[in-house]
S.K.: 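Pasting a structure below so you can have a look.
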Amino acid sequence: MAFGHGKVILLGEHSVVHGRPALACAIGRGVRADARLANEDRLEISPWNVSVVPDPDAAEPLSRAFAVALAEYGTSRPPVIVEAEVGIPGGSGLGCSAALGVAVLAALDERFGRNRSPVARGEASLAWERVFHGNPSGVDNTMAAVGGVALYRKGAPLEAVQVARPFTLVIGDSGEPASTKSMVESVARQLRHAPEKVGRIFDAIAALVQNGRLALEAGDLAGFGKLMDLNDALLSSLMLSTERLESMCRAAREAGAHGAKLTGGGGGGCMIALVEPSTADRVLSAVAGEGRDAFVVEAGA
Ligand code: PMV
């Protein structure tokens, strides 16, 4: 069974689109997929009840993305049905479209006997991700394929980060629908209108990312939490947060989290809080009380 990881961006979303580094971590949840020979090409996605055929000109992005994925395997292959099972909320900042793209490619690779490294598969799935996100940095598809905790910078090799101790995250879903594409466009507009001011914000986030890497390598989770809070404030200054996301972050901090921030595209979607295992339950109920759903993941093991 092929798998694409969901991910959270620990620090550095949005500035990563503009060449700054980001720290990201794969989560155990993601998308599973399997490909079997059939009479026609089809992509079936549960539990969404979605079934599409590949069509490069379709209005439905999944049809276009599936056509892009299949194009890699040439025209002399037999038709396939790919069955995918999505285990993370879509459109919420957890890299669902990238996890789906990587799982679909991995399933097709398995079926057609193509051997390639996770890094190469991540690169190949950027074309899928472009169908959904317009101008993706590449962090989502890379993390979906490679997993682990890593520092990502556009155009540079992925740097694995050796964390000194595993850490626990509470992920809270605000339930507010979010469009990464329109959030990325909004930040690009702000950058055009005020290049110096927005450039300085990106540089400040880049400094948080470099310090965050050191904190994770040293096992300084309290220090890392403070960097998350600062990153959240900078993202809010770019109008990427919402009242609900901020009340979820506040509730997490008050319940004892080391730090909290929105994660991914923003404008809704998910937030994350860094916690000690002993405070996970308390933070989980505080976050769930302000949002729609929350769950706990272990990372960096
Ligand atoms: O919302 P998600 O899970 O697709 O995360 C997007 C991360 C951004 O930095 C906002 C965009 C990107 O392409 O890196």
Side-chain angles (χ1 to χ4, degrees), residues 4-27 29-31 61-62 65 86-103 122-123 125-147 150-156 158 169 171-191 198 201-202 204-206 208-209 212 228 231-232 234-242 245 261-272 295 297 299:
H5 295 272
K7 66 92 203 39
V8 292
I9 296 187
L10 297 169
L11 296 169
E13 49 277 270
H14 284 287
S15 40
V16 70
V17 175
H18 303 276
R20 276 38 165 223
L23 262 179
C25 119
I27 59 176
R29 294 189 183 200
V31 179
L62 276 169
V86 175
I88 40 175
S92 63
L94 301 183
C96 185
S97 59
L100 183 59
V102 164
E123 280 166 9
S125 64
L126 184 61
W128 168 291
E129 191 64 349
R130 280 209 180 95
V131 173
F132 296 94
H133 287 332
N135 178 28
S137 65
V139 64
D140 283 17
N141 49 295
T142 304
M143 293 307 295
V146 177
L151 189 131
Y152 176 86
R153 190 196 281 264
K154 224 169 161 175
L158 189 72
L169 294 171
I171 301 182
D173 185 356
S174 68
E176 299 170 310
S179 159
T180 298
K181 188 165 185 279
S182 59
M183 290 296 128
V184 167
E185 284 165 2
S186 155
V187 173
R189 256 193 320 273
Q190 295 177 57
L191 180 64
V198 176
I201 294 175
F202 290 167
I205 295 174
L208 299 180
V209 169
M228 289 168 70
N231 194 173
D232 192 60
L234 291 168
L235 291 168
S236 296
S237 78
L238 293 169
M239 293 178 295
L240 292 163
S241 199
T242 65
L245 281 170
K261 63 184 274 292
L262 71 87
T263 190
C270 287
M271 52 70 72
I272 51 172
F295 56 97
V297 297

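Whatever order the structure lists them in is the order used to number ligands and atoms, beginning at 1. If you're wondering where the values come from, they're calculated on a predicted model, not measured in any experiment.
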S.K.: Would you mind listing which atoms of ligand 1 come within a distance below 4.0 Å of any non-hydrogen atom of Gly95?
M.R.: 3 (O)

S.K.: Return the option from His133, Glu129, His14 holding the heavy atom at the smallest distance from atom 9 (O) of ligand 1.
M.R.: His14

S.K.: Give the atoms of ligand 1, by number and element, whose distance to some non-hydrogen atom of Glu13 is under 4.0 Å.
M.R.: 9 (O)

S.K.: Tell me yes or no: between the side chains of Ser125 and Glu129, is some donor less than 3.5 Å from an acceptor?
M.R.: no

S.K.: If I compare all heavy atoms of Leu11 with all of Asn231, which pair ends up nearest, and what's the gap?
M.R.: CA-OD1, 3.2 Å

S.K.: Run the numbers on Lys261 and Glu13 for salt bridge (charged side-chain N to carboxylate O under 4.0 Å, His left out), then give the verdict.
M.R.: CA-CA 11 Å; Lys261 63 184 274 292; Glu13 49 277 270; 2.9 Å; yes

S.K.: Please check: side-chain N/O of Arg153 versus main-chain N/O of Gly19, any donor-acceptor pairing under 3.5 Å?
M.R.: yes

S.K.: Looking only at protein heavy atoms, identify the closest one to atom 14 (O) of ligand 1 and say how far it is in Å.
M.R.: Ser137 OG, 2.4 Å

S.K.: Out of Val16, Leu126, Thr180, Val184, which residue meets the side-chain contact (heavy atoms from CB on, under 4.5 Å) rule with Pro136?
M.R.: Leu126

S.K.: Given His14 and Met183, is the side chain to side chain contact (heavy atoms under 4.5 Å, CB included) satisfied, shown in steps?
M.R.: CA-CA 9 Å; His14 284 287; Met183 290 296 128; 3.8 Å; yes

S.K.: Please verify whether a non-hydrogen atom of Met183 lies at under 4.0 Å from ligand 1.
M.R.: no

S.K.: Which of the atoms in ligand 1, numbered in the order shown and given with their element, are less than 4.0 Å from a heavy-atom of Val139?
M.R.: 14 (O)

S.K.: One thing to verify: whether Arg189 and Glu185 come together as a salt bridge, which I'm taking to mean a side-chain N less than 4.0 angstrom from a carboxylate O.
M.R.: no

S.K.: Relative to the heavy atoms of Val16, which atoms of ligand 1 are at a distance of less than 4.0 Å?
M.R.: 9 (O), 14 (O)

S.K.: To check your reading of the model: name the closest protein heavy atom to atom 6 (C) of ligand 1, its residue, and the distance in Å.
M.R.: Thr180 CG2, 3.6 Å

S.K.: Just distances here: any N/O of Val17 and N/O of ligand 1 closer than 3.5 Å?
M.R.: no

S.K.: Considering heavy atoms of the protein only, find what lies nearest to atom 7 (C) of ligand 1 and give residue, atom and distance to 0.1 Å.
M.R.: Ile9 CD1, 3.6 Å

S.K.: Could you check atom 4 (O) of ligand 1 against the protein and tell me its nearest heavy-atom contact, residue, atom and distance included?
M.R.: Asp140 OD2, 2.8 Å

S.K.: Looking only at N/O atoms, are Pro136 and ligand 1 under 3.5 Å apart anywhere?
M.R.: no

S.K.: Take Lys7 and Asp140 through the test side chain to side chain contact (heavy atoms under 4.5 Å, CB included) and record every step on the way to the result.
M.R.: CA-CA 7 Å; Lys7 66 92 203 39; Asp140 283 17; 2.9 Å; yes

S.K.: Any side-chain to backbone donor/acceptor pair from Ser15 onto Arg20? Under 3.5 Å, distance only.
M.R.: no

S.K.: Any idea which protein heavy atom is nearest atom 3 (O) of ligand 1, and the distance to it?
M.R.: Lys7 NZ, 2.8 Å

